Number of protein chains: 2
Amino acid sequence: MALNDPNLQRVVTRPTVVRVGNSAVPVSGNGSLHSPKRMLFLDLVLSVFRLNGLLVAEGDAMTEGLGLTSARWKVIGVVALSTAGLTVPGIARVLGQSRQAVQRITDVMAKDGLITYEPNPKHKRSLLVLLTEEGKSAYHELREVQDPWALRNTEDIPIEELETSLRLVRRLIQRLDK
Amino acid sequence: MALNDPNLQRVVTRPTVVRVGNSAVPVSGNGSLHSPKRMLFLDLVLSVFRLNGLLVAEGDAMTEGLGLTSARWKVIGVVALSTAGLTVPGIARVLGQSRQAVQRITDVMAKDGLITYEPNPKHKRSLLVLLTEEGKSAYHELREVQDPWALRNTEDIPIEELETSLRLVRRLIQRLDK
DNA sequence: TCGAATTTGTCAGCATGCTGTCATCTAGCC
DNA sequence: GGCTAGATGACAGCATGCTGACAAATTCGA
């Protein structure tokens, strides 16, 4: 929902894209290029912004009955996949977020009884995050709504397109992350 | 950077995925399915979260010298593409955001002299957002850094992959937006 | 034309994520 | 062993985006 949005098209002057073969040509005198890749990429960027917002909202709504939010099931999912527990900065590294952001989430989740901080034999101050029984229960309930949701949203999408898109997103992450 | 993250793999038990032909089989006794599509989709969701954060950071860094941020060039880009101006709720509809969020951004941008609120012949209270000369200048400077950035980030990516990914993201947006 | 439904501006509160800072702890190197 | 660099916890401030609420303006149908 971006460059071709109907709300915008109504009031927009169509960019005068001049195509010459596969290349592009400067337009509107500002020296910029309306190359297909540029347009595609910027549209993809705006679409990722939009999709991110929708996924957060969807994730919140989907799990509101479980005492979870999008931010929480990101954490609970990572912790559930770990065997020996993870430290808060460890969770942050997996999710690619700041440790402070994760710390704030885990503190609330600990207060809510979903996780506990257990002593870490490897580190005196940096405790291990583990799921409580309530947390494990919440994780299983999460799976019960999240799995059908995932399948529902992909049932008419070829697996090759999912793979291509995931590969592209991963490549962009890798490029921007360094 | 998610389900196959090295930080996580070190401490994770590999899920015992049992494949039968193209279908999947319940594992670990909780009735959940490790179907390929489910894994792909959840990985894509987490990757979109991650990419969103990186794009915001990249967009902020790229335009910090222009008095812009990611949130601002989203707005300035939409306004620049419009001919007769857009109202704040109109911008919000194009971007798929709340009008309140956009209003806060535009208020600051107006105070910074990038945009102005002009009378709207169609509506007494809902003013039109237009770029000032300073705003147009900022938009052109934005293009000068954003266009090479877009081309740089896609130079080794086949255009077909960009199209496939954009189409998938758009399809997900359309599904989640209704 | 009139009244209800919708849209809009405005204010408030909240969640999420970022950066910066500082003290403390850990790990690696001499 | 000791010292320095890096990692961590804790606190603060800030940006972005969401929702709810209310009054005013607009739109649309009876």
Side-chain angles (χ1 to χ4, degrees), chain A residues 7 46 48-61 63-64 67-76 85-112 117 119-129 176-177, chain B residues 7 46 48-61 63-64 67-76 85-112 117 119-129 176-177:
Chain A
N7 281 296
L46 291 176
V48 166
F49 287 159
R50 178 86 192 97
L51 180 57
N52 179 79
L54 287 169
L55 286 175
V56 169
E58 183 88 354
D60 287 348
T63 54
E64 65 176 350
L68 294 178
T69 63
S70 302
R72 293 187 191 194
W73 61 250
K74 283 197 284 183
V75 169
I76 215 174
L86 281 170
T87 65
V88 166
I91 298 170
R93 278 187 289 269
V94 173
L95 293 177
Q97 292 185 342
S98 72
R99 60 199 169 82
Q100 293 92 332
V102 173
Q103 184 82 59
R104 194 172 45 72
I105 304 292
T106 55
D107 284 348
V108 181
M109 291 176 70
K111 193 182 298 179
D112 289 351
Y117 294 117
N120 183 354
K122 302 267 190 66
H123 199 292
K124 193 181 297 181
R125 286 206 315 173
S126 196
L127 305 175
L128 290 176
V129 175
L176 298 177
D177 202 13
Chain B
N7 281 296
L46 290 177
V48 166
F49 288 158
R50 179 86 192 97
L51 180 57
N52 179 78
L54 287 169
L55 287 174
V56 169
E58 184 87 353
D60 287 347
T63 54
E64 66 176 351
L68 295 178
T69 63
S70 303
R72 294 187 189 193
W73 59 252
K74 283 197 285 183
V75 169
I76 216 174
L86 280 170
T87 64
V88 167
I91 298 171
R93 279 188 290 268
V94 173
L95 293 176
Q97 291 185 344
S98 72
R99 61 198 167 83
Q100 295 92 332
V102 173
Q103 184 83 59
R104 193 174 46 72
I105 304 293
T106 55
D107 284 347
V108 181
M109 290 176 71
K111 192 181 300 177
D112 290 352
Y117 294 118
N120 183 353
K122 302 270 190 65
H123 199 293
K124 193 180 297 181
R125 286 206 315 171
S126 196
L127 305 175
L128 289 177
V129 176
L176 298 177
D177 203 14

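Given the structure is predicted, the values throughout are model-derived calculations rather than measurements. Only this structure's heavy atoms are used, side chains among them; waters, hydrogens and symmetry mates stay out. The sequence lines fix the lettering, A, B, ..., with proteins before strands; numbering per chain opens at 1.
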d([atom1], [X]; [atom2], [N]) in whole Å:
{"X": "L51(B)", "N": "dG17(C)", "atom1": "CG", "atom2": "P", "result": "15 Å"}
{"X": "L54(B)", "N": "dT19(C)", "atom1": "CG", "atom2": "P", "result": "10 Å"}
{"X": "M109(A)", "N": "dT16(C)", "atom1": "CE", "atom2": "P", "result": "11 Å"}
{"X": "E58(B)", "N": "dT16(D)", "atom1": "CD", "atom2": "C1'", "result": "18 Å"}
{"X": "L68(A)", "N": "dA15(C)", "atom1": "CG", "atom2": "P", "result": "15 Å"}
{"X": "Q97(B)", "N": "dT16(D)", "atom1": "CD", "atom2": "P", "result": "10 Å"}
{"X": "E64(B)", "N": "dC18(C)", "atom1": "CD", "atom2": "P", "result": "17 Å"}
{"X": "L55(A)", "N": "dG17(D)", "atom1": "CG", "atom2": "P", "result": "16 Å"}

Within the 4.5 Å heavy-atom criterion, are [X] and [Y] side-chain neighbours or not?
{"X": "L176(A)", "Y": "L51(B)", "value": "yes"}
{"X": "D177(B)", "Y": "R50(A)", "value": "yes"}
{"X": "L128(B)", "Y": "T87(B)", "value": "yes"}

Subject >> Donor-acceptor pair, side chain of D60(B) and main chain of T69(B), under 3.5 angstrom >> reply: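 A pair under 3.5 Å: no.
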
Original post:
Mapping D60(A) and K124(A) onto DNA chain C by nearest heavy atom, which one lands closer to the 5' end?
Top reply: D60(A)

Original post:
Below 4.0 angstrom from OP1 or OP2 of dC18(C), is there any side-chain N or O of S98(A)?
Top reply: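 For dC18(C), OP1/OP2 do have a side-chain N/O of S98(A) under 4.0 Å.
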
**OP:** Check whether any side-chain N or O of K74(B) sits under 4.0 Å from OP1 or OP2 of dG17(D), and answer yes or no.
**Re:** yes

What distance separates [X] [atom1] from [Y] [atom2], expressed to the nearest 0.5 Å?
{"X": "L86(B)", "Y": "T106(B)", "atom1": "CG", "atom2": "OG1", "answer": "11.5 Å"}
{"X": "D107(A)", "Y": "M109(A)", "atom1": "CG", "atom2": "CE", "answer": "11.0 Å"}
{"X": "I105(B)", "Y": "I76(B)", "atom1": "CD1", "atom2": "CD1", "answer": "12.0 Å"}

Subject >> Axis-to-axis angle between the two ends of the helix from dT1(C)-dA30(D) to dC30(C)-dG1(D) (five base pairs per end, rounded to 10 degrees) >> reply: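 That helix gives 30° between its end axes.
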
Original post:
With nearest nucleotides of DNA chain D determined for K122(B) and I105(B) from heavy-atom distances, which residue corresponds to the more 5′ nucleotide?
Top reply: I105(B)

**OP:** Step by step, work out the side chain to side chain contact (heavy atoms under 4.5 Å, CB included) result for V88(A) and Y117(A).
**Re:** CA-CA 10 Å; V88(A) 166; Y117(A) 294 117; 4.2 Å; yes

Original post:
By salt bridge (charged side-chain N to carboxylate O under 4.0 Å, His left out), which residues pair with D112(A), not counting sequence neighbours?
Top reply: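 D112(A): salt bridge (charged side-chain N to carboxylate O under 4.0 Å, His left out) contacts with R72(A).
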
**OP:** For S70(A), answer base if it contacts any base atom (sugar-phosphate contacts may also be present), sugar-phosphate if it contacts only those atoms, and nothing otherwise; contact means non-hydrogen atoms under 4.0 Å.
**Re:** nothing

Original post:
Once each nucleotide of nucleotides 3-14 of chain C is scored for protein heavy atoms under 4.0 Å, what B/S/- sequence comes out, 5' to 3'?
Top reply: -----BBBB---

